[in-house]
Amino acid sequence: MMSDTRKFSSQVVDGYERAASRAMLYPVGFTKEDFSKPQVGIASTWSMVTPCNMHINKLADEAEKGVNSAGGKGVIFNTITISDGISMGSEGMKYSLVSREVIADSIETVVGCQGFDGIVAIGGCDKNMPGCVMGLARLNRPSIFVYGGTIQPGKDHTDVVSVFEAVGKRASNAISDIELENIEKTAIPGPGSCGGMYTANTMASAIEALGMSLPNSSAQNAISADKDNDCIQAGKAVLNLLENDIKPRDIMTMKAFENAITVIITLGGSTNAVLHLIAMADAAGVDLSIDDFTRIGANVPVLADLKPSGKYMMSELVAIGGTLPLMKMLLDAGMLHGDCMTVTGKTVAENLADIAPYAEDQDIIHALDNPIKEDSHLRILRGNLAPDGSVAKITGKEGLRFQGKAKTFGREEDALAAILNDEIVSGDVIVIRYEGPKGGPGMREMLAPTSAVMGKGLGGEVALITDGRFSGGTHGFVVGHITPEAFEGGVLAIIENGDEILIDAKNNSLELLVDQSVIDKRLSQWTQPEPNYTKGVLAKFAKLAKSASEGAVTD
């Protein structure tokens, strides 16, 4: 090994004066020979709080084997994860986005303290994936991200979103308690991340397209020989990155982020990708903005018929070859930057050179000349309600324009109760405010109310807008990330019941159809509410977090 592959660990373990450091490492499995090897930290997000991450301890063991077999010394450590699916709709969901920052901080803290020369980070749920990559970008040491893999479908092709939507059906008496319980018990059959093109699979695909994962890492089943091998190869790949001094910021360039945005648009990915990619770019020193999604999206179609708006699951995309044939198709069409470096030590074009196309009889990924939607489903809307931007996911199935009367709620729980109690009717625009990065704080996802709307059969008849955000499992006419948020005095704060609201996804506008003089008068009379938290991690997040349009980062 070249001496500079131990740039950081040598400072911790070399020389007689570092004897105490070495003494503490013998009990955790180091041998004398290990002190002369590059040390690779393996950040595991293993936890039994969610099926998304329950298997990652075993994947970390495989990554350690890969590191050790390639001449390094792997050291496994843990960071936290939380479960969006379990906390959804509760006060606990406010910690979800906060956990992204905690994860990034914790990886930076451990690696910075311990002097690891390289890093493998393994994530398997929405926030720990961007959190891992943010930590890697900050440290800028040779690093690789491994996706924990997707879950298998539940009984009758169900998943976690099926359960949320079944709650709405139960509230409408469309199904019985027994039917709801049967869906509840069988929808999530084992380990792995939520099975549609929700936020986990969206971010896994984005990170691979960015070049920070090995080819096809985003499209493997959680429990599979392919995923075990992915971890082993990732461990080996870090040693190659060390030898060639390839670091995250060499990979995470503006062109690489453009590749990531292109791929997640074709896949019909989650609105959370906007928030997380901006945050990841910020950590890498790349000036990515919400307007870049509009610029790129104008020329990129939606091609994947995947849940939540489509019918297929990620495991079915895995079965036909995963994301690589899609990326090859995009590259051949001139829609990807082929010269971007990746964690293989090769460029995107070199990685895709020998990839075969999808079989002709598959209908999960449409051809470029037969798109599901001709341009992006991720719409950045502006207007008097969102002068600094908002994010909608409009596939076209909902229509491209909605105008209706506001029904306002100051918190998610109140809106959900109104939906389940039949207080929401056709033509309503549900307004949920004070759920932004500072107001919530934490910018909760709104899967519970949006799923209840679908379960009630109102998906095409009502809209929902919020300064919070949405799960990747959300579909329907919904707009989130409204900036400025209500807590900061955004126009969202002064909407009154009955006000007309226009959502126009063709002209990318979000407007409160009230005279400006009335808006100005209401704003002059508005007073900022007291914060919901004044101590602890949520209070810290509220004080530090930037707006949703800036990725809600705390740096």
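Numbering starts at 1 and runs along the sequence shown.
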Any non-hydrogen side-chain atom of Asn240 less than 4.5 Å from a side-chain atom of Leu242? no
Main-chain N/O of His337 paired to Asn259 side chain as donor or acceptor, under 3.5 Å: yes
Donor-acceptor contact present, side-chain Thr45 to main-chain Ile122, <3.5 Å: yes
Under a 4.0 Å N-O cut-off, is there an ion pair linking Glu62 with Lys65? yes
For Lys227, does its backbone N or O pair with a side-chain atom of Asn221 as donor and acceptor, under 3.5 Å? no
Tell me if a side-chain donor or acceptor on Asp159 pairs with a main-chain N or O of Gly154 at a distance below 3.5 Å. no
Using modelled atom types and a 3.5 Å cut-off, is there a donor and acceptor pairing between side-chain atoms of Glu412 and backbone atoms of Arg444? no
Show the nearest heavy-atom pair for residues Gly89 and Ala448, with the distance to one decimal. CA-CB, 4.3 Å
Does a side chain donor of either Thr554 or Glu101 reach within less than 3.5 Å of an acceptor in the other side chain? yes
Could you pull out the closest heavy-atom pair between Ile380 and Ile290, with the gap in Å? CG1-O, 3.4 Å
Pairing donors with acceptors under 3.5 angstrom, does anything connect the side chains of Ser106 and Thr79? yes
Working to the nearest 0.5 angstrom, can you tell me the gap between Phe257 CZ and Ile296 CD1? 11.0 Å
Val300 side chain near Ser376 side chain, heavy-atom distance below 4.5 Å: no
Using a strict 4.0 Å threshold on nitrogen-to-oxygen distance, state whether Glu445 and Lys127 make a salt bridge. yes
Heavy atoms of other groups near Asn370 CG, more than 12 under 6.0 Å: yes
Check this for me: Lys373, atom NZ, are more than 12 non-hydrogen atoms of other residues, nucleotides or ligands nearer than 6.0 Å? yes
Would you name the heavy atoms of Ser99 and Ile80 that are closest together and state the gap between them? CB-CD1, 4.2 Å
Quiz question: by atom type and distance under 3.5 Å, do the side chains of Gln39 and Ser9 form a donor-acceptor pair? no
Do Phe164 and Ser471 come close enough that some side-chain heavy atom pair is under 4.5 Å? no
Under 4.5 Å between any side-chain heavy atoms of Lys307 and Val161, yes or no? no
Is the backbone N or O of Cys125 less than 3.5 Å from a side-chain atom of Tyr147, with the two atoms forming a donor-acceptor pair by type? no
Within-4.5 Å side-chain heavy-atom neighbours: Thr253 and Val286: no
In this structure, are over 12 heavy atoms from other groups packed under 6.0 Å from Lys328 atom NZ? yes
For Cys194 versus Val160, what's the shortest heavy-atom pair and its separation? SG-CG1, 3.6 Å
Under 3.5 Å, side chain of Asn53 to main-chain N/O of Gly123, donor-acceptor pair present? no
Salt bridge (Lys or Arg N to Asp or Glu O under 4.0 Å) between Lys58 and Asp228, worked out: CA-CA 8 Å; Lys58 296 177 181 177; Asp228 289 348; over 6 Å; no
Side-chain contact, heavy-atom cut-off 4.5 Å: Asp126 with Ser96? no
Should we count CD of Glu374 as having more than 12 external heavy atoms under 6.0 Å? no
Just checking, is any N or O donor in the side chain of Tyr312 or Asp363 under 3.5 Å from an acceptor N or O on the other one? yes
Measure from the side-chain N and O atoms of Ser44 to the backbone N and O of Asn78, and report whether any donor-acceptor pair falls under 3.5 Å. no
So, the side chain of Asp117 versus the backbone of Phe8: is there a donor-acceptor pair under 3.5 Å, distance only? yes
What is the minimum heavy-atom distance between Met212 and Ser143, and which atoms define it? CE-O, 3.9 Å
Heavy-atom donor-acceptor pair, Arg141 side chain to Phe116 backbone, under 3.5 Å: yes
